[in-house]
Each structure stands twice: as structure tokens, then as C-alpha cells.
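Numbering of residues begins at 1 and proceeds along the displayed sequence. Every value quoted in this text rests on a predicted model; they were computed, and no experiment measured them.
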Amino acid sequence: MIERLQLNHVIYSRDWNKIQIKELEKVIQEERPDFVYLMPRLHNPLGTTMTEQEKKSVLALSEKYDFYIIEDDYLGDFEGGNRYQTLFELDVHQRVIYLKSFSKIMFPGQRLGLAVLPESLLDDFQSFKEISDIHTNSLSQIIMQTFIESGLYAHHKHKIVLKHQQKADALQKGLKKYFSAYSFNDNNQMHTVIKLPKQTNMNKLHQELVRRRVWVDNYKGNYLTGYTQNQKFLKLNTTSLPVDKIDEGLQEIRKAIKASKTL
């Protein structure tokens, strides 16, 4: 959307497993943005979740440099427990715009989400909302409201999250078994990534994975044009894979990585 609307923006290249707060502050100090977009929980494609200290540091920066944080929490329902606090919950200065989607738990066609905004942005947001579609489809809202109030949403969410949890557990078990020599994000909720050796030929790796009937998606599609990824990594997603196929898939991936190393 940022590129399609040709919005003025600057890119911050983060590390594969954490946010370097000092580097982020340098970019903010130089560029003075009005908004900073973040995916603090279950980052896509990296699978990372910001620590409490990272979240507090970013909130402090928002107050220091006078910008709003757009918190994209579209995978928040997949968090295993209730101990996690969003940036929105930690915010005491009305600096966070909180975004959440229901589509991941319901189904992709249920294009319904929510946005919680600081009071100072409500009028402008409403004006732009009216330009785009006047208001959100009433029937979709009524269906969602009924689903939530009846308890069906909580029941359905539990089943979906449990299924993903079983796959995530199997994935982590397999990674520790077959990729103990590699670095990977220890994420027990969703997708994760394996950090690849520098000598890995990425084009050859993709060819090897396809040859072994492993479906490949280019993670660069998750980033804006011009984003620099300093490390090579492979995103692993088990959403469409049966639990009993994860171990076999990881073995094939390991073979493909070995075959794609260049001297």
C-alpha cells in the first residue's frame, strides 16, 4: 500500500532476530517520521516477538521524537498465553495506533479487522475511511458480533490455535534434531526462519527445494523495495502441511541446503 500510494517513506533494516534500538533511533532522529510501522508480535516473515524492553524503548522514542506507532498485531490471536502486552497496552501517551485482523482465525474472505486510535487522529481517520468505503460492511460486523458474543469465536479460535501449536511444536522439535548447527528463531507459536550460511547459493537452493517438492515463496515479497537484508535465511511455514509431514519436510530442506552451498 505504501508503494502503491507512493507515500513518502524511509526503510529501517533490522537484524534477523531483534531490533537494534540505537540504530532505529538514528534513523528516526535523521528522518523525523510522523509514523513508524511495526509488527511487534510474530513478525512476518521472521517470526520474532519484541521483548518488553524493546517495546518500552520504542514507546520512549515515540514520545521523545513526537511520532505515532502503527502496531500491526494481525497474528496476535496465535500467542500462546496472556502474559504478552501489546504496545497499545503499554502506551500511556496515546502514541499507538493498534491494528488487528479477524481473518486469520475466521477465514480469508472475512475481511474484517479493527483499529484503535489516539483521540487526536479520530476525525482525520474517519474522513479517510469515508472516502475509501463510507463504512465497513454492516452484515460482516453483525455476523462477527454474533460469533463473538455466542462464544463460538473463542471456541473456534482455541481449535485453530491448538492446531497451529501442534505444528509449531513439531517444527521446533525437528529443527533441534536436524538443524542444531544452524541459528533459528525459537518460536513456538507460528512460522520461523533458519539463518543460512553465507556461502549458500539462494537461486540453487530454490531450485533444489522445488526439485524435492518443497513449496518455495520468496520472503522479499514481505518487504518494501529497497529493503536490505544482511543475512540469508529461509522462512519455514507449516500452515498447509500436516503434522506428520513436518519431519520429512525438514529432512528434505536440510538436503537442499547442503546441495546449494558454493565453494
Side-chain angles (χ1 to χ4, degrees), residues 14-18 39 41-49 73-81 84 101-110 155-223 227 229-263:
R14 55 164 290 169
D15 201 354
W16 76 289
N17 61 349
K18 65 178 182 298
M39 199 180 295
R41 176 158 50 176
L42 299 176
H43 182 281
N44 188 18
L46 299 176
T48 56
T49 293
D73 196 32
Y74 85 107
L75 291 176
D77 280 333
F78 291 91
E79 181 68 30
Y84 179 90
S101 171
F102 295 107
S103 300
K104 293 298 178 181
I105 292 295
M106 296 291 287
F107 48 88
Q110 179 75 352
H155 176 70
H156 182 64
K157 171 186 169 182
H158 175 74
K159 291 196 301 181
I160 296 296
V161 172
L162 179 61
K163 185 179 294 186
H164 278 279
Q165 185 69 62
Q166 292 170 341
K167 292 182 180 182
D169 290 344
L171 178 60
Q172 288 296 320
K173 182 179 178 181
L175 286 171
K176 291 171 182 175
K177 181 179 179 181
Y178 300 115
F179 292 90
S180 59
Y182 291 77
S183 296
F184 53 87
N185 286 331
D186 191 5
N187 171 6
N188 290 306
Q189 280 88 32
M190 207 68 176
H191 51 264
T192 190
V193 295
I194 302 173
K195 187 177 180 181
L196 300 171
K198 291 183 179 180
Q199 65 268 34
T200 303
N201 183 316
M202 296 302 288
N203 290 330
K204 188 175 180 181
L205 174 58
H206 285 182
Q207 293 171 6
E208 290 289 338
L209 289 170
V210 171
R211 188 170 70 84
R212 288 172 168 79
R213 303 186 69 179
V214 177
W215 188 76
V216 181
D217 185 24
N218 191 342
Y219 65 79
K220 292 182 179 179
N222 295 109
Y223 295 99
Y227 180 84
Q229 182 55 254
N230 298 321
Q231 294 91 16
K232 295 179 179 179
F233 64 84
L234 186 67
K235 176 184 175 182
L236 303 180
N237 193 326
T238 60
T239 301
S240 302
L241 191 67
V243 175
D244 59 1
K245 290 290 184 181
I246 292 175
D247 189 275
E248 177 186 343
L250 288 174
Q251 293 185 61
E252 292 299 322
I253 291 171
R254 184 176 63 170
K255 293 174 185 177
I257 292 174
K258 288 183 178 180
S260 64
K261 290 182 181 179
T262 57
L263 297 178

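- The closest side-chain heavy-atom distance from I246 to K173 is not below 4.5 Å.
- Residues that satisfy the salt bridge (Lys or Arg N to Asp or Glu O under 4.0 Å) test with K18, not counting sequence neighbours, are D15.
- Contact of the Q172 side chain with the T192 side chain is registered, since non-hydrogen atoms from C-beta on lie closer than 4.5 Å.
- Distance check, rounded to the nearest 0.5 Å: CD1 of I160 to NZ of K104 gives 12.0 Å.
- Applying the side chain to side chain contact (heavy atoms under 4.5 Å, CB included) test to K177 and every residue at least two apart in sequence or in another chain returns D247.
- If you take CG on L236 and CD1 on I194, they are separated by 4.0 Å, rounding to the nearest 0.5 Å.
- Here K235 pairs with N44 under the side chain to side chain donor-acceptor pair (under 3.5 Å) rule; sequence neighbours left out.
- Of all heavy-atom pairs spanning P242 and S240, the tightest one is CD-O, 4.0 Å.
- Residues T238 and V243 are not in side-chain contact: their nearest non-hydrogen atoms beyond the backbone lie 4.5 Å or more apart.
- Contacts of K157 classified as salt bridge (Lys or Arg N to Asp or Glu O under 4.0 Å), with partners at least two apart in sequence or in another chain: D77.
- Considering only heavy atoms from C-beta on, R41 stays 4.5 Å or farther from F78 through its side chain.
- Between P45 and V193 the shortest heavy-atom distance is O-CG1, 3.3 Å.
- The NZ atom of K258 sits 5.0 Å away from the CZ atom of R254 when rounded to the nearest 0.5 Å.
- Atom NZ in K159 sits 11.5 Å away from atom CD1 in I105 (nearest 0.5 Å).
- Between D244 atom CG and K167 atom NZ the span is 10.0 Å, to the nearest 0.5 Å.
- Shown here are the salt bridge (Lys or Arg N to Asp or Glu O under 4.0 Å) partners of K245, two or more places apart in sequence or in another chain: E248.
- Every residue two or more places apart in sequence or in another chain that forms a ring-ring contact (aromatic ring centres under 6.0 Å, His included) with F102 is listed here: Y153.
- Applying the side chain to side chain contact (heavy atoms under 4.5 Å, CB included) criterion to K195, with sequence neighbours excluded, gives W16, S183, Q231.
- Contact of the R14 side chain with the T48 side chain is registered, since non-hydrogen atoms from C-beta on lie closer than 4.5 Å.
- Residues forming a side chain to side chain donor-acceptor pair (under 3.5 Å) with N17 (at least two apart in sequence, or on another chain): none.
- At least one side-chain heavy atom of F233 sits less than 4.5 Å from a side-chain heavy atom of L46.
- Annotation: side chain to side chain contact (heavy atoms under 4.5 Å, CB included) contacts of P197 (sequence neighbours excluded): Y182, Q199, T200, K261.
- Within 6.0 Å of atom NE2 in H156, more than 12 heavy atoms from other residues, nucleotides or ligands are found, so the atom counts as buried in its surroundings.
- Considering CG of L75 and NE2 of H43, their distance stands at 11.0 Å, rounded to 0.5 Å.
- Annotation: side chain to side chain contact (heavy atoms under 4.5 Å, CB included) contacts of A256 (sequence neighbours excluded): L205, E208, L209, R212.
- When side chains are defined from C-beta on, I253 counts as touching F179, because their heavy atoms get closer than 4.5 Å.
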